[in-house]
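For the single chain, residues carry numbers from 1 onward in sequence order. What you see below is based on every heavy atom in this structure, not just the backbone, and it leaves out hydrogens, waters and symmetry mates.
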Amino acid sequence: MVREPGASPHAAAADWAAAYPAEAADPHCLGYGEGGELMRGAPWRRFAVVGDSLAEGLGDPQRGYRTASWADRTAEALRAVAPGAVCTNLGLRGLTTAQVRAGQAERAAAFAPDLVAVVCGGNDLLLPGFSPGVVAREMDLLFGRLAAPGTTLVAFALANAAAAVPELRGGPLEEGVALLNGIVRKAAERHGAVLVEMYDHPAVGDRDLYSADLVHATARGHAVIAATTIRALSREIAVVSESCPQA
């Protein structure tokens, strides 16, 4: 059902819930309009996303959930409070951390963002000869290039897909993701990035968070990542507001 222009927010919310009933009932997702409420007071107007396929937004559709990536959902929440905000997503599937830095760092910096989300490292784990030291150096260089006065960096600790698949628990995938997340957390701390913590998220053990390949997120997974990202940014807004009270 399509409402006439000017329909009440309540009617629009009812339409949304009818279109995406599973998402509307999911406690780990945001309700209609909730993203905008959480982003109220956001200072950002230029949002850039860099990284691999998770940044790009790959993943399986899922019944009852809107097919939209976490990055698109985050951009929508920002535009709800800042309609003039502009966004660019440079994410590209299959890239390692070094390739993200080589191909996207300068382009992202040229966009002059004041909010930058960085998602990479997962492909490094899947390649032979994974070197934590190399990934740590490349990630530090990437964060360093994107960090700038007035710019908020956002980093992601990846979800532990092994929590949803008993056969994978304690195996190399779980160990590798934990190791990578340690690298990400240290880089985030060094560069003052907001950390979106997905590794031990309350929904991490739900199989329907992950696509069939256990690498990408489903539509539900993207909705959950978006909710976690927006909530983390909301806390950052509160911190900034407290440190810079209006006269």
Side-chain angles (χ1 to χ4, degrees), residues 47-58 70-71 74 88-111 113-163 168-201 204 210 213-217 221 225 228-229 232-233 235-236 239:
F47 175 37
V49 180
V50 302
D52 54 27
S53 56
L54 184 54
E56 183 182 350
L58 296 190
W70 68 268
T74 303
T88 185
N89 190 336
L90 303 176
L92 186 63
R93 66 198 72 182
L95 299 187
T96 64
T97 303
Q99 290 169 331
V100 170
R101 181 175 73 86
Q104 299 177 20
E106 294 302 325
R107 293 165 60 198
F111 180 71
D114 51 15
L115 179 65
V116 186
V118 181
V119 191
C120 58
N123 288 312
D124 295 87
L125 287 177
L126 302 178
L127 294 175
F130 167 62
S131 169
V134 170
V135 173
R137 286 194 297 274
E138 288 292 339
M139 196 163 293
D140 198 50
L141 289 169
L142 175 60
F143 279 39
R145 181 64 186 94
L146 297 173
T151 298
T152 299
L153 290 176
V154 184
F156 293 77
L158 301 182
N160 178 23
L168 298 178
R169 291 174 191 167
L173 176 63
E174 186 168 36
E175 293 174 359
V177 170
L179 179 59
L180 174 63
N181 284 343
I183 293 170
V184 172
R185 293 186 188 103
K186 289 178 181 177
E189 184 176 1
R190 280 194 299 272
H191 295 280
V194 174
L195 182 65
V196 178
E197 183 60 72
M198 294 301 303
Y199 187 76
D200 55 357
H201 187 282
V204 75
Y210 312 96
D213 60 10
L214 289 176
V215 174
H216 301 102
I225 295 169
T228 309
T229 302
L233 289 173
R235 292 191 292 271
E236 180 69 9
V239 169

K.L.:
Is any side-chain heavy atom of His191 closer than 4.5 Å to one of Asp140?
P.N.:
yes

K.L.:
If you compare all heavy atoms of Ala109 against all heavy atoms of Leu146, which two are closest, and at what distance to 0.1 Å?
P.N.:
N-CD2, 4.3 Å

K.L.:
Could you tell me if the side chain of Asp124 sits less than 4.5 Å from the side chain of Leu180, heavy atoms only?
P.N.:
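Answer no - side chains too far apart.
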
K.L.:
Output the distance between atom CD (Glu138) and atom CD1 (Ile183), rounded to the nearest 0.5 Å.
P.N.:
11.5 Å

K.L.:
Among Leu158, Val49, Asn123, which one satisfies side chain to side chain contact (heavy atoms under 4.5 Å, CB included) with Leu54?
P.N.:
Leu158

K.L.:
Hey, does the side chain of Thr74 reach the backbone of Trp70 with a donor-acceptor pair shorter than 3.5 angstrom?
P.N.:
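Pair found, side chain donor or acceptor close to backbone of Trp70.
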
K.L.:
Take Leu195 and Val184 through the test side-chain contact (heavy atoms from CB on, under 4.5 Å) and record every step on the way to the result.
P.N.:
CA-CA 9 Å; Leu195 182 65; Val184 172; 4.2 Å; yes

K.L.:
Which of these passes side chain to side chain contact (heavy atoms under 4.5 Å, CB included) with Asn160: Met198, Arg169, Glu174?
P.N.:
Glu174

K.L.:
Quick one: does Thr151's side chain have a donor or acceptor within less than 3.5 Å of a partner on Pro113's backbone?
P.N.:
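At least one qualifying donor-acceptor pair exists.
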
K.L.:
Tell me whether the count of non-hydrogen atoms from other residues, nucleotides or ligands lying under 6.0 Å of CZ in Arg190 goes above 12.
P.N.:
yes

K.L.:
Tell me, with the steps shown, if Arg185 and Asn181 meet side-chain contact (heavy atoms from CB on, under 4.5 Å).
P.N.:
CA-CA 6 Å; Arg185 293 186 188 103; Asn181 284 343; 3.5 Å; yes

K.L.:
Find the distance between CZ (Phe156) and CD1 (Ile225) and round it off to the nearest 0.5 Å.
P.N.:
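Phe156 CZ to Ile225 CD1: 7.5 Å, rounded to 0.5 Å.
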
K.L.:
What pair of heavy atoms forms the shortest contact from Ala232 to Val196, and how long is it?
P.N.:
CB-CG2, 4.3 Å

K.L.:
Rounded to the nearest 0.5 Å, what separation is found between the OG1 atom of Thr96 and the CG atom of Asp52?
P.N.:
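These two atoms lie 9.5 Å from each other.
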
K.L.:
Can a donor-acceptor pair be found, under 3.5 Å and without considering hydrogens, that links the side chain of Gln104 to the backbone of Val50?
P.N.:
no

K.L.:
Ignoring hydrogens, what is the shortest heavy-atom contact between Glu197 and Ala157? Give both atom names and the distance.
P.N.:
OE2-CB, 3.3 Å

K.L.:
Kindly compute the distance separating CG (Leu153) from CG (Asp114), expressed to the nearest 0.5 Å.
P.N.:
11.0 Å

K.L.:
So which atom in Leu179 and which in Pro132 form the shortest heavy-atom distance, rounded to 0.1 Å?
P.N.:
CD2-CG, 3.5 Å

K.L.:
What's the shortest heavy-atom distance between Leu90 and Ala108, and which atoms?
P.N.:
CD1-N, 3.7 Å

K.L.:
Give, for atom CG of Leu58 and atom CG of Leu92, the distance between the pair rounded to the nearest 0.5 Å.
P.N.:
9.0 Å

K.L.:
How far apart are the closest heavy atoms of Leu125 and Gly176, and which atoms are they?
P.N.:
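Closest approach of Leu125 to Gly176: CD2-O, 3.5 Å.
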
